[in-house]
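Fair warning: this is a prediction, and the values are worked out from it, not measured in the lab.
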Amino acid sequence: MAGAMPRRLRPPEQPITLEVDGHTIHAQDGEPVAVALVAADETLTARSIKYHRPRGPSCFSGACSNCLMRVDGVPNVATCQVPARQGMRVERQNAFPDAKLDVLQATDWVFPKWFNHHTFLAGVPLAEDLLLKIARKLAGLGLLPDRAAPPLPVATVTREPIVIVGAGAAGLAAARCFEAARAPYLVLEKGSAAGGRLLTAAEDGLPPVFDCPPAKLALDSTVVGLFADDGVPYLVVKHGEQLRVIVFDQLLLANGGHPPFAVFENNDLPGIYAARAVSGLLRRHRVLVGDVVACVGDLSEARALASLLTGAGAKAVAVGQTPLKAHGFSRVEALTVRDGPRTAKVDCDAVALCGPPSPAFELGRAAGGKVSWEPKSQLFVLEADAAGRTAASNVWAAGELRGAMSAAAAAEQGLVAAESILAARRSAP
Amino acid sequence: MTKALLCPCEDVTVTEVDHCIAQGYRDIESIKRFTGFGTGMCQGKQCMNAVARHLASSAQPPKPEALLAFTPRPPFVPTEMRQWASLDVSQLAPGGGVPPALGFTEAALKPVAPVKPKAKVVIIGGGIMGLALAWNLTQRGETDVVVLEKGYLCAGASGRNGGGVRMQWGTPSLIHLARRSIDLMERFARDMKINVWLRRGGYLFLAKSDAIVQRLERSAALHNQHGVPTQLLTADGAQEHVPDLSLTGVKAAAWNPKDGVIFPWAFLWGYAQACQKVGVAVETFTKVVGFELGQGRITKVLTDRGEIACDQVVLAAGAWSPSVASLCGVDLPNEPHRHEICSTEPLKPFLGPLVSVLDSGLYFSQSMRGEIVGGMGDPKEPAGMNLGSTSRFLARYSRALLELSPRLGQVKILRQWAGPYDVTPDNSPILGRTKGLSNLLHLHGFVGHGFMMAPAVAERMAAWMATGQSDELFERFELSRFAEGRLEREDMIIG
């Protein structure tokens with residue numbers, strides 16, 4: 001049933017072509033490569049590391065391995081994070097003879113439940129030597145890069161009084177507060193535009209995107225680490241292909257979470273997406289992931305997504321139900337769901353997983369913040385007090401990093417944290 | 001085939017995690033190590049919450065406060081080595097590190113039941129030294145043994161090393177121990193029924209200065225005398241073993257094809273499981289808090305889960321040994337030194353040997369999973385227990401590695417961590433008795449190479465303890481040598 005409708009709802013304004021395993025596909029200049037692949041209905045992008053199971057783009061957040069491909073001779077590139085450029089060479093990896101029909105998928109059948117790498121052939125003379133040789137041959141994902149890349153210029157070191165990580169609902173609300181107070185600040189946003197879920201989510205009641213002055217907003221700026229080599233914390237930020245070091249006085253973490261992930265049978269089939277990937281593809285890129293989309297998980301989000309999809313001409317099924325098993329050979333074709341006491345198998349060509357993201361607590365933990373398990377939401381969250389202060393000195397947190405919440409609630413937390421930062425700056429000697 | 005994945009990056013299924021929990025590895029750090037979940041390209045972003053949820057809904061769910069996320073390892077996004085190499089090292093001070101405190105001794109994970117009140121032998125430290133000794137004691141009929149480990153299995157240096165195993169040492173004692181260890185490692189899977197993935201890709205030591213060339217010449221002669229087939233090579237000769245590396249500036253190399261790389265964690269699980277089968281108590285998340293002394297002996301080991309009366313105590317706590325020894329008034333000369341290490345994204349095999357540049361302390365190899373795993377010592381690193389990670393290390397390591405392998409420039413670092421070298425004044429271990437405290441035995445001070453020595457040392461020590469026959473090893477390396485000025489200097493230390 002796949003491909004009955006065009007995936008791209010409007011033609012590219014700046015059309016380019018990419019080469020995918022030697023085939024040409026059309027794309028919009030600058031959109032993520034994985035968006036172009038989904039738009040071209042090329043949803044099988046990778047083979048998994050052990051069982052060579054088919055994989056396709058799913059999180060659109062750089063938080064999974066399903067869209068890793070070799071791009072212009074560089075292995076394991078997250079294609080959902082890389083802008084498409086004319087003539088780009090994109091290749092699938094880790095397959096023989098090719099990813100669409102990979103004979104190494106036999107391992108998936110030889111080990112139907114799992115492969116016990118600890119005990120398989122352990123200590124069996126000769127067989128263990130053979131296992132070692134085979135395992136070595138099959139290991140790894142991509143091949144070494146084609147060539148030595150030129151060295152990069154020395155990373156700059158700058159000092160910014162207030163740094164906000166993430167230009168989503170919480171981060172932008174804080175930025176607006178700092179702007180009004182004429183406080184010096186810089187927002188670091190990993191995406192190519194400010195807004196976060198304000199641009200991608202299907203959620204009702206999204207606040208408007210604050211138009212942050214360009215001088216205060218660093219786009220394409222991913223914080224890759226928070227370090228404290230000499231005891232004073234600083235951020236290491238990847239801006240395009242360069243690194244920069246930013247020392248801060250106060251840090252507001254508003255970097256949200258990683259897309260939700262649900263565990264059910266064949267939950268790794270191509271065509272299964274995080275809900276915000278589905279709504280984001282539609283809202284930002286006018287790309288529809290399927291004709292019939294199962295919107296499973298959190299009911300209110302599923303309803304909002306269903307209405308967005310229906311408005312674009314797609315059909316939403318299994319809205320708010322619980323996924324039990326995905327069906328399909330190399331992409332999802334149907335989904336068994338539980339709806340109250342009943343189970344049902346519904347045909348679909350895409351699945352959207354609705355639910356709260358997993359808080360991205362890595363930076364907060366590196367700074368010395370406390371991460372704890374919240375039984376109610378079943379999430380690890382970064383702890384903060386009512387004013388947004390974390391256990392780490394000079395580090396505040398706001399938004400989905402602290403748990404599941406609406407964009408409006410995240411914006412409120414961003415504002416409260418910003419006021420607390422301003423108060424701290426006023427009382428500083 | 002139908003599978004439900006908990007960690008798609010590493011293809012870890014629900015069945016596999018359930019098996020892991022059934023084996024007794026129930027905390028998230030242990031599940032990560034036993035199944036490999038969270039060690040793939042997403043670095044835990046997709047799977048960590050899913051595994052925690054799975055645990056929370058299991059038959060015996062942990063208390064919420066005992067559900068602890070594994071420590072996220074920088075960088076938090078896979079980041080190219082040429083990018084790390086662009087940091088200005090002169091601006092990055094040694095010391096420091098993140099996260100500020102490592103939490104592998106969380107009280108929430110401590111078992112509720114008390115430890116057994118009495119045992120013949122108490123071994124402090126559940127790293128490879130302690131566990132290998134416990135297993136060797138059981139082979140000599142002694143099973144009344146308790147092993148105390150303050151964290152999870154693999155929390156200490158045994159779980160933090162690069163897995164290199166080599167015979168190329170600078171003193172006959174260590175050469176012989178290493179040879180025996182590697183023989184035992186080769187048999188380990190047969191004895192313990194757990195794969196250790198020993199890959200004999202050789203060790204290639206590179207020298208860039210005349211002084212280091214001379215050191216390699218000296219040690220190669222010693223190796224050959226003691227049956228180790230080390231060859232001295234020219235740069236061209238070395239190139240044949242590493243065709244993808246650029247050996248500009250290399251003057252000579254030492255090569256032993258029989259050295260290799262192994263998967264360290266399997267030894268801890270293998271020894272621990274074999275010990276538990278015959279009744280040895282391996283107590284994880286259990287901390288020694290003091291000792292009871294009487295008549296020049298230790299009478300009881302005090303833990304945070306109760307006291308254990310015992311005949312003998314073996315201190316095998318690696319770099320933590322000095323702090324434990326101080327609890328019974330014994331002053332050890334060891335000092336912990338942090339050594340950082342990192343791992344890249346998995347690549348298809350291209351590098352056979354473990355390569356080390358003795359001049360800089362750089363070493364790296366390709367693991368069975370395809371990652372480039374390596375580290376580099378930092379001469380400016382201050383002494384002290386610090387397991388934090390630094391950007392200085394990533395910058396220094398990337399610069400040094402890219403000199404040898406420019407094609408790794410766009411290969412991404414996935415995670416970094418640190419382990420403590422247990423450094424002694426002469427770089428040799430501390431073994432045997434304690435003057436003035438007759439039943440405290442030492443098994444530590446291996447200066448970052450204890451992992452590869454452990455199987456052989458533990459075998460000798462168990463024989464020595466069980467038979468009472470003298471063994472020169474336990475006299476030569478006695479603690480008293482420092483006071484008596486009998487040092488045993490070892491100079492083939494890397495990292």
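The backbone N or O of B/Phe34 lies less than 3.5 Å from a partner atom in the side chain of A/His118, making a donor-acceptor pair. For the pair B/Glu10 (side chain) and A/Ile49 (backbone), a donor-acceptor distance under 3.5 Å is absent. Using modelled atom types, one side-chain atom of B/Asp11 and one backbone atom of A/Lys50 make a donor-acceptor pair closer than 3.5 Å. Between the side chain of A/Ser65 and the main chain of B/Cys42, no donor-acceptor pair closer than 3.5 Å is present. Judged purely by atom type and a 3.5 angstrom limit, B/Arg82 has no side-chain atom pairing as donor or acceptor with the backbone of A/Pro151. Under a 3.5 Å cut-off, the side chain of A/Asp229 and the backbone N or O of B/Thr390 do not form any donor-acceptor pair. Although no hydrogens or angles enter the test, the distance criterion places no donor-acceptor pair under 3.5 Å between the side chain of A/Arg136 and the main chain of B/Met368. The backbone N or O of B/Pro346 lies less than 3.5 Å from a partner atom in the side chain of A/Asn76, making a donor-acceptor pair. In this structure a side-chain-to-backbone donor-acceptor pair under 3.5 Å is missing from B/Lys348 to A/Gly142.
What you find for A/Leu141 and B/Met41 is that their closest heavy atoms are CD1-CG, 4.2 Å. Residue A/Glu128 comes nearest to B/Ala189 through the heavy atom pair OE1-CB, 3.7 Å, listed as atom of the first residue, atom of the second, then distance. Annotation for A/Tyr51 and B/Thr13: closest pair CE1-CG2, 4.4 Å, computed over non-hydrogen atoms. Residues B/Val411 and A/Pro145 come closest through the heavy atom pair CG2-CD, 3.6 Å. Smallest separation of non-hydrogen atoms from A/Pro75 and B/Glu345: O-OE1, 3.7 Å. When every heavy atom of A/Ala366 is checked against every heavy atom of B/Pro100, the shortest pair comes out as O-CD, 3.3 Å.
Using a 4.5 Å cut-off between heavy atoms, A/Ala367 touches chain B through its backbone atoms (N, CA, C, O) alone. Residue B/Gln43 does not touch chain A at all, counting heavy-atom pairs closer than 4.5 Å. Proximity to chain B involves both the backbone and the side chain of A/Val224, based on heavy atoms less than 4.5 angstrom apart. For a residue to count as touching a neighbouring chain, one of its non-hydrogen atoms must lie under 4.5 Å from one of that chain's; by this rule B/Met192 does not touch chain A. Using a 4.5 Å cut-off between heavy atoms, B/His19 touches chain A through its side chain atoms alone. For chain B, the nearby part of A/Val157 is the side chain; its heavy atoms alone come within less than 4.5 Å. Neither the backbone nor the side chain of B/Gln23 comes within less than 4.5 Å of any heavy atom in chain A. Of the two parts of A/Lys133, neither the backbone nor the side chain holds a non-hydrogen atom closer than 4.5 Å to a non-hydrogen atom of chain B. Looking at B/Ser405, neither its backbone nor its side chain comes within 4.5 Å of chain A, counting heavy atoms on both sides. At a 4.5 Å heavy-atom cutoff, the contact between B/Ala52 and chain A is made by backbone and side-chain atoms alike. Heavy atoms closer than 4.5 Å to chain B are found in the side chain of A/Val74, but not in its backbone. With a 4.5 Å cut-off on non-hydrogen atoms, B/Ala56 touches chain A through its side chain but not through its backbone. Using a 4.5 Å cut-off between heavy atoms, A/Arg244 does not touch chain B at all. Of the two parts of B/Ile372, neither the backbone nor the side chain holds a non-hydrogen atom closer than 4.5 Å to a non-hydrogen atom of chain A.
To the nearest 0.5 Å, atoms CG (B/Leu68) and CH2 (A/Trp373) are separated by 11.5 Å. The distance from the CG atom of B/Leu198 to the CG atom of A/Asp129 is 9.5 Å, given to the nearest 0.5 Å.
In this model, no donor atom of one side chain and acceptor atom of the other lie less than 3.5 Å apart for A/Asn267 and B/Lys3. The closest side-chain donor-acceptor pair between B/Ser391 and A/Tyr234 falls under 3.5 angstrom.
A/Leu152 is not listed as a side-chain neighbour of B/Trp84, based on a closest heavy-atom distance of 4.5 Å or more. Counting heavy atoms from C-beta on, the side chains of A/Glu362 and B/Lys45 come closer than 4.5 Å. Using a 4.5 Å heavy-atom threshold, the side chains of A/Cys64 and B/Gln46 count as touching. In this structure, the side chains of A/His117 and B/Trp197 come closer than 4.5 Å at one or more pairs of heavy atoms. Inter-residue side-chain proximity for B/Arg53 and A/Phe261 is flagged as unmet; no heavy-atom pair is nearer than 4.5 Å. Looking at heavy atoms from C-beta onward, B/Asn195 lies in side-chain contact with A/Leu131 at the 4.5 angstrom threshold. Between A/Val263 and B/Leu5, the closest side-chain pair of non-hydrogen atoms is not below 4.5 Å. Side-chain contact between B/Thr79 and A/Leu243: present, with at least one pair of heavy atoms (C-beta onward) separated by less than 4.5 Å.
For the options A/Leu121, A/Asn66, A/Asn94, heavy-atom pairs under 4.5 Å to chain B are most numerous at A/Asn94. Comparing B/Pro75, B/Cys9, B/Gly370 by how many heavy-atom pairs each has under 4.5 Å with chain A, the most go to B/Cys9. When the candidates A/Leu363, A/Leu132, A/Leu138 are compared by the number of heavy-atom contacts under 4.5 Å with chain B, A/Leu132 comes out ahead. The greatest number of non-hydrogen atom pairs below 4.5 Å with chain A, out of B/Glu16, B/Arg190, B/Lys412, is found for B/Glu16. Per-residue counts of heavy-atom pairs under 4.5 Å with chain A were compared for B/Pro78, B/Ala395, B/Pro72, B/Ala50; the largest is that of B/Pro72. Counting heavy-atom pairs closer than 4.5 Å to chain A, the top-ranked of the candidates B/Pro64, B/Gly270, B/Ser57 is B/Pro64. Listed options A/Gly369, A/Ala46, A/Pro150 were ranked by heavy-atom pairs under 4.5 angstrom with chain B; first place goes to A/Pro150. Taking B/Gly96, B/Ala266, B/Gly95, B/Pro349 one by one and counting their heavy-atom pairs under 4.5 Å with chain A, the maximum is reached by B/Pro349. When each of A/Thr222, A/Val245, A/Leu226 is checked for heavy-atom pairs under 4.5 Å with chain B, A/Leu226 comes out on top. For the options A/Gly368, A/Ala149, A/Gly225, heavy-atom pairs under 4.5 Å to chain B are most numerous at A/Ala149. Of the listed residues (B/Arg187, B/Glu65, B/Met48, B/Arg199), the one with the most heavy-atom contacts under 4.5 Å to chain A is B/Arg199. The residue among A/Leu144, A/Leu143, A/Thr119 with the most heavy atom pairs within less than 4.5 Å of chain B is A/Leu144.
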What do the steps show when you test B/Gln83 against A/Gln242 for side chain to side chain contact (heavy atoms under 4.5 Å, CB included), and what is the final call?
CA-CA 6 Å; B/Gln83 292 170 331; A/Gln242 314 239 339; over 6 Å; no
Stepwise, does the side chain to side chain contact (heavy atoms under 4.5 Å, CB included) test hold for A/Trp114 with B/Asp18?
CA-CA 11 Å; A/Trp114 65 299; B/Asp18 285 341; over 6 Å; no
So B/Leu394 and A/Phe227, side chain to side chain contact (heavy atoms under 4.5 Å, CB included) or not? Walk me through it.
CA-CA 11 Å; B/Leu394 293 182; A/Phe227 292 93; 4.3 Å; yes
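The 12-atom threshold is exceeded at NE2 of A/His327, counting heavy atoms of other residues, nucleotides or ligands nearer than 6.0 Å.
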